[in-house]
2 protein chains.
Amino acid sequence: MANPSPPIETIRPEVDQIVETIIYLYTESRRLTKGIAREVGLTGPQLTVLKLLETFQDLSLSSLSERIRAQNSTVTGIIDRMEREGLVCRERSKSDRRVVYIKLTEKGAKLAREIRVEPLEIFRIALTSLTQADLKDLLRILMKLQKRVLARVEEEET
Amino acid sequence: MANPSPPIETIRPEVDQIVETIIYLYTESRRLTKGIAREVGLTGPQLTVLKLLETFQDLSLSSLSERIRAQNSTVTGIIDRMEREGLVCRERSKSDRRVVYIKLTEKGAKLAREIRVEPLEIFRIALTSLTQADLKDLLRILMKLQKRVLARVEEEET
DNA sequence: CCACGATGCTTCGTGTACGAATTATTCGCT
DNA sequence: AGCGAATAATTCGTACACGAAGCATCGTGG
């Protein structure tokens, strides 16, 4: 690995700009998802859940929270509100009565079919407009970055 | 621009993984910031505000919300709680009585000095460990991506 | 078989986060 | 001067989002 760490002052602007850009991309794509959701009377997270349930038929609350990277307590609230709107229903597992499965109701399934756009779709469309080479490079570098961060996180947890 | 858009199915996995990774990097670095903040009895956003005010001495509420990419109403709440804790104070501008400047109190300034780590620091450290070439490539591709998203956003607003 | 730790979900308290409505002030225009 | 649009901040209602505590259920070791 040649020239791994140049003095930090010289690359500070680049680093800051990269951080800025990633934050922009993340927040903007969330904002756009929210906009799509609003058109059908949903919130961002609710749209995400709806589309997930359309794909997987049913999911336990835990696996749902894992997929959307949120705590169980957060997802409980989201499901509460969606249940109130009649979009999903809870169903206790028969094999393990601690587990609750979340399913789409007819109304929920119908709504899910009406929405053509996936969450984060804009992000994905922008990505597919890159060249193959750029895509490969981007993925490679990001994975490298993720590895560094992961290492630091595990170090933290010691 | 050679080979700009290969069929979407072939690159779907790469695209999804890139999205996943960016989301991971964003959420993880926020989580880590939050952890640092907790150690001194602050929340993530409060730490960000504290460090910003340490750098700029004082900022109007609007410019503060612009910098942390949040709505005025959100920042009003954050400042309310920080004021309650005696970390900052509000001061009406004399030239324009609509404007409120936020300043650190003695207590706030002292706390800011005690915290060595910047928000998103881990992110930055990981970035500086990349090679110069990787950094340059990453920035170039991300900027391209941002341009595409921006175009789409402006198109939306028509 | 049964005590006990682990697991799955909910509840509660607090802190963002947003958008719409409100208030106070400023600025442009006539 | 003075009316009306624009701007700065706040208030309000709703929805995440998290962590700690609580409750029910499961699984295992003794």
Side-chain angles (χ1 to χ4, degrees), chain A residues 23 26-28 30-39 41-50 58-85 87-102 119, chain B residues 23 26-28 30-50 58-85 87-103 119:
Chain A
I23 292 177
Y26 178 86
T27 56
E28 190 59 30
R30 282 213 2 169
R31 205 181 62 81
L32 291 170
T33 300
K34 199 173 186 171
I36 299 166
R38 274 177 72 87
E39 288 176 20
L42 292 176
T43 64
Q46 286 174 12
L47 172 56
T48 308
V49 167
L50 201 75
D58 58 5
L59 285 169
S60 74
L61 193 130
S62 303
S63 46
L64 200 50
S65 17
E66 210 172 308
R67 273 180 195 281
I68 69 174
R69 278 176 212 280
Q71 300 297 318
N72 281 351
S73 51
T74 301
V75 179
T76 294
I78 296 173
I79 297 302
D80 281 350
R81 288 178 287 273
M82 291 180 76
E83 199 174 23
R84 200 178 61 202
E85 298 298 322
L87 299 171
V88 301
C89 60
R90 284 174 160 94
E91 200 170 294
R92 279 228 172 273
S93 163
K94 297 216 163 75
S95 56
D96 184 344
R97 297 193 41 72
R98 290 170 303 180
V99 176
V100 171
Y101 286 109
I102 319 294
Chain B
I23 292 176
Y26 178 86
T27 56
E28 190 59 30
R30 283 217 355 174
R31 206 181 62 82
L32 291 169
T33 299
K34 199 173 186 172
I36 299 165
R38 275 177 71 86
E39 287 175 22
V40 292
L42 292 175
T43 64
Q46 286 172 12
L47 172 57
T48 307
V49 167
L50 200 75
D58 56 6
L59 285 169
S60 73
L61 193 129
S62 302
S63 46
L64 201 50
S65 18
E66 209 173 310
R67 273 180 195 281
I68 68 174
R69 278 174 211 281
Q71 301 296 319
N72 281 353
S73 51
T74 301
V75 179
T76 295
I78 295 172
I79 297 302
D80 281 349
R81 288 178 287 274
M82 291 181 76
E83 199 173 25
R84 200 178 61 203
E85 298 298 320
L87 299 171
V88 300
C89 61
R90 285 175 160 93
E91 200 170 294
R92 278 231 172 271
S93 163
K94 298 215 163 73
S95 56
D96 184 342
R97 296 194 40 73
R98 290 170 305 179
V99 176
V100 172
Y101 285 109
I102 320 293
K103 285 186 178 189

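Every chain is numbered from 1 and lettered A, B, ... according to where its sequence line falls, protein lines coming before strand lines. What you see below is based on every heavy atom in this structure, not just the backbone, and it leaves out hydrogens, waters and symmetry mates.
The only member of B:Ile102, B:Leu50, B:Thr43 that meets side chain to side chain contact (heavy atoms under 4.5 Å, CB included) when paired with B:Met82 is B:Leu50.
Heavy atoms of B:Asp96 sit under 4.0 angstrom from primed sugar atoms or phosphate atoms, though from no base atom. Among the heavy atoms of the strands lying under 4.0 Å from B:Thr43 are primed sugar atoms or P, OP1, OP2 only; no base atom is included. Using a 4.0 Å heavy-atom cutoff across all strands shown, B:Arg90 reaches sugar-phosphate atoms only and no base atom. A:Arg30 comes within 4.0 angstrom of the backbone, heavy atoms only, and of no base.
The CD atom of A:Gln71 sits 19 Å away from the P atom of C:dC12 (whole-angstrom rounding). Between the CZ atom of B:Arg97 and the C1' atom of C:dT26 there is a distance of 12 Å, rounded to whole Å. Atom CE of B:Met82 is separated from atom P of C:dG15 by 12 Å (rounded to the nearest Å). In this structure, A:Ile79 places its CD1 atom 17 Å from P of C:dG8, rounding to the nearest Å. The interatomic distance linking A:Lys34 (NZ) with D:dC16 (C1') rounds to 9 Å, in whole Å. Nucleotide D:dA8 holds its P atom 20 Å from the NZ atom of B:Lys94, rounded to whole Å. Atom-to-atom, OH of B:Tyr26 to P of D:dA17 comes out at 11 Å; the value is rounded to the nearest Å. Atom CG of B:Asp80 is separated from atom C1' of D:dT10 by 9 Å (rounded to the nearest Å).
Counting non-hydrogen atoms of neighbouring residues, nucleotides and ligands closer than 6.0 angstrom, the CZ atom of A:Arg38 reaches no more than 12 such neighbours. Around the CZ atom of A:Arg90, the shell of radius 6.0 Å holds more than 12 heavy atoms that belong to other residues, nucleotides or ligands. The environment of CZ in B:Arg69 is crowded: more than 12 heavy-atom neighbours from other residues, nucleotides or ligands sit within 6.0 Å.
Closest to the A:Arg38 side chain, of the nucleotides C:dG15, C:dT10, C:dA20, is C:dA20. The A:Leu61 side chain lies nearest to C:dT10 when the options are D:dC16, C:dT10, C:dG15.
Scanning both residues, B:Leu64 and B:Leu59, for their nearest heavy atoms gives CD1-CD1, 3.6 Å.
Phosphate contact (OP1/OP2 of C:dT10, side-chain N/O of A:Thr76, threshold under 4.0 Å): present. For the pair B:Arg81 and C:dT16, the criterion of a side-chain N or O lying under 4.0 Å from OP1 or OP2 is met.
Side-chain atoms of B:Ser73 and base atoms of C:dG19 include a donor and an acceptor less than 3.5 Å apart.
Taking the nucleotide of DNA chain D with the nearest heavy atom to each of A:Arg98 and A:Ala70, the more 5' of the two is matched to A:Ala70.
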